[in-house]
Amino acid sequence: MVPRGGGGHSNPSREPATDKMAALGGAEAEGVGASPTSPLLAAEQPAAPGLTRGPHRSGMAAPLGSAVSVVFPGAVSRESCCRFACELLKHVLYQRHQLPLPYEQLAYFCRRPSQVGDMIKKPPSMDLASKKCQQVLIDLEGMLQHLEVMFSLTLVPRVLILLGGSAVSPKELYELNLEGVCVGSTEKSLKTTSCVRKLFHSLFIADVFSELKALPAMGTVVMLQGHRDCGVEWFRPKLNYKVPTRGRKLTVNLSCDGDISISASAPSSTTSAWEDYVWFQAPVTLKGFHE
């Protein structure tokens, strides 16, 4: 279990006693297997050609200000939690027009010359060698690497992706809520790839982006909660930060279900245990760019 607040400094309306995020050591659940090594920055091949940004026309679009819930049938690993955050960040940047191509395609084309027969051709108007493109890739890759470090140091109950404006007054806010997730060892957790597919299938069905107007290029700030003594150096603690209540908001709630045994070493559920979790802010603002 992990606290819902930032040491009493985040949104006071949230009740810390109902969280389920915990370190696990119980029996292996049905369908559980070792999570394969899948580097977050690997870009040897571009994403599937069918990946496009809205409209998907898969049904009634879910307006921002709503929530999408995903329930995994077993425990997930810390590595999977990190992957969820990184993949959601890349997805939001592309869907909200802060990247001209999905991250994998952008990185792929930037690192190799175009060749005859490429399945995905880069837009002729876009100079992938431009300083702006190079800089956004450097900043995003650095962000992903530091997210990996953060998730390895502490449980992370909440992640915020803030588009436009500032950290206290963004134009759009995307929250990844991991408070209901049960964290287990890699060997006794669900496979990362299957969990990522389930997450994005739920987002696709909810159709959360198709009705939104395209945004101009703007800055994106990433914030997340962690233990105040986790030892992270890159992220900066924001002890008095409160989650914004204005602007468009989408919350993605993740949780686990099934036969999950919590080890005796799981964190205590007392309120005092959660007061040591605070908000941290990435020191780099991801600057979007168009073709």
Side-chain angles (χ1 to χ4, degrees), residues 1-21 64-68 78 81-82 84-86 88-90 92-93 96 98 139-140 142-181 183 215 218-254 267 270-288:
M1 296 175 68
V2 164
R4 285 179 179 266
H9 301 291
S10 59
N11 192 340
S13 64
R14 308 179 72 88
E15 297 295 335
T18 58
D19 302 324
K20 295 193 297 181
M21 190 174 186
L64 282 178
S66 60
V68 175
R78 281 200 190 187
C81 291
C82 179
F84 302 151
C86 292
L88 182 62
L89 172 60
K90 293 186 289 186
V92 168
L93 289 175
R96 299 308 293 131
Q98 301 309 299
D139 291 342
L140 181 52
M143 180 77 72
L144 299 177
Q145 290 173 344
H146 286 290
L147 283 172
E148 284 189 90
V149 174
M150 185 68 171
F151 274 83
S152 70
L153 293 173
T154 175
L155 295 176
V156 177
R158 298 167 70 190
V159 180
L160 301 180
I161 301 170
L162 310 164
L163 270 64
S166 65
V168 296
S169 183
K171 293 185 179 297
E172 294 184 3
L173 185 157
Y174 298 83
E175 176 179 354
L176 179 65
N177 189 327
L178 297 154
E179 293 170 343
V181 165
V183 180
L215 291 176
M218 56 181 58
T220 298
V221 174
V222 175
M223 301 195 65
L224 69 171
Q225 283 184 333
H227 196 280
R228 67 169 68 242
D229 297 326
C230 64
V232 69
E233 297 180 355
W234 193 73
F235 287 93
R236 299 170 181 172
K238 299 293 179 180
L239 303 181
N240 298 315
Y241 182 75
K242 294 183 179 180
V243 178
T245 56
R246 296 182 179 182
R248 292 179 176 271
K249 180 178 181 181
L250 171 68
T251 302
V252 180
N253 295 308
L254 305 185
T270 59
T271 302
S272 60
W274 316 136
E275 293 179 353
D276 288 329
Y277 282 76
V278 300
W279 285 105
F280 290 86
Q281 180 175 339
V284 172
T285 297
L286 301 173
K287 296 180 180 180

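Model, not experiment: these values are computed from the prediction.
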I want to check something: taking the side chain as every heavy atom from C-beta on, are [X] and [Y] in contact at a cut-off of under 4.5 Å?
X      : Y      : value
Tyr241 : Gln281 : no
Asn240 : Trp279 : no
Val92  : Glu172 : no
Leu155 : Arg78  : yes
Leu239 : Arg228 : yes
Met143 : Leu147 : yes
Pro157 : Asn177 : no

Do you know the tightest heavy-atom contact between [X] and [Y]?
X      : Y      : answer
Cys81  : Leu178 : SG-CD2, 4.3 Å
Phe280 : Cys230 : CZ-SG, 4.2 Å
Lys171 : Gly165 : CG-N, 4.2 Å
Gly219 : Thr285 : CA-CG2, 3.7 Å
Ile161 : Thr220 : CG2-CG2, 3.8 Å
Ala167 : Pro244 : O-CG, 3.4 Å

Legend entry - Main-chain N/O of Ser166 paired to Ser169 side chain as donor or acceptor, under 3.5 Å: no

Inset, instruction - For the residue pair His146 and Phe235, categorise the inter-ring angle as parallel (less than 30°), tilted (30 to 60°) or perpendicular (more than 60°). - result: perpendicular

From [X] atom [atom1] to [Y] atom [atom2], the distance as rounded to the nearest 0.5 Å:
X      : Y      : atom1 : atom2 : result
Gln225 : Met150 : CD    : CE    : 9.5 Å
Arg158 : Glu179 : CZ    : CD    : 5.5 Å
Leu163 : Leu286 : CG    : CG    : 9.5 Å
Asp139 : Lys287 : CG    : NZ    : 8.0 Å
Leu254 : Phe84  : CG    : CZ    : 6.5 Å

Inset, instruction - Determine the sole option in Val159, Leu144, Leu140 for which the side-chain contact (heavy atoms from CB on, under 4.5 Å) test with Cys86 is passed. - result: Leu144

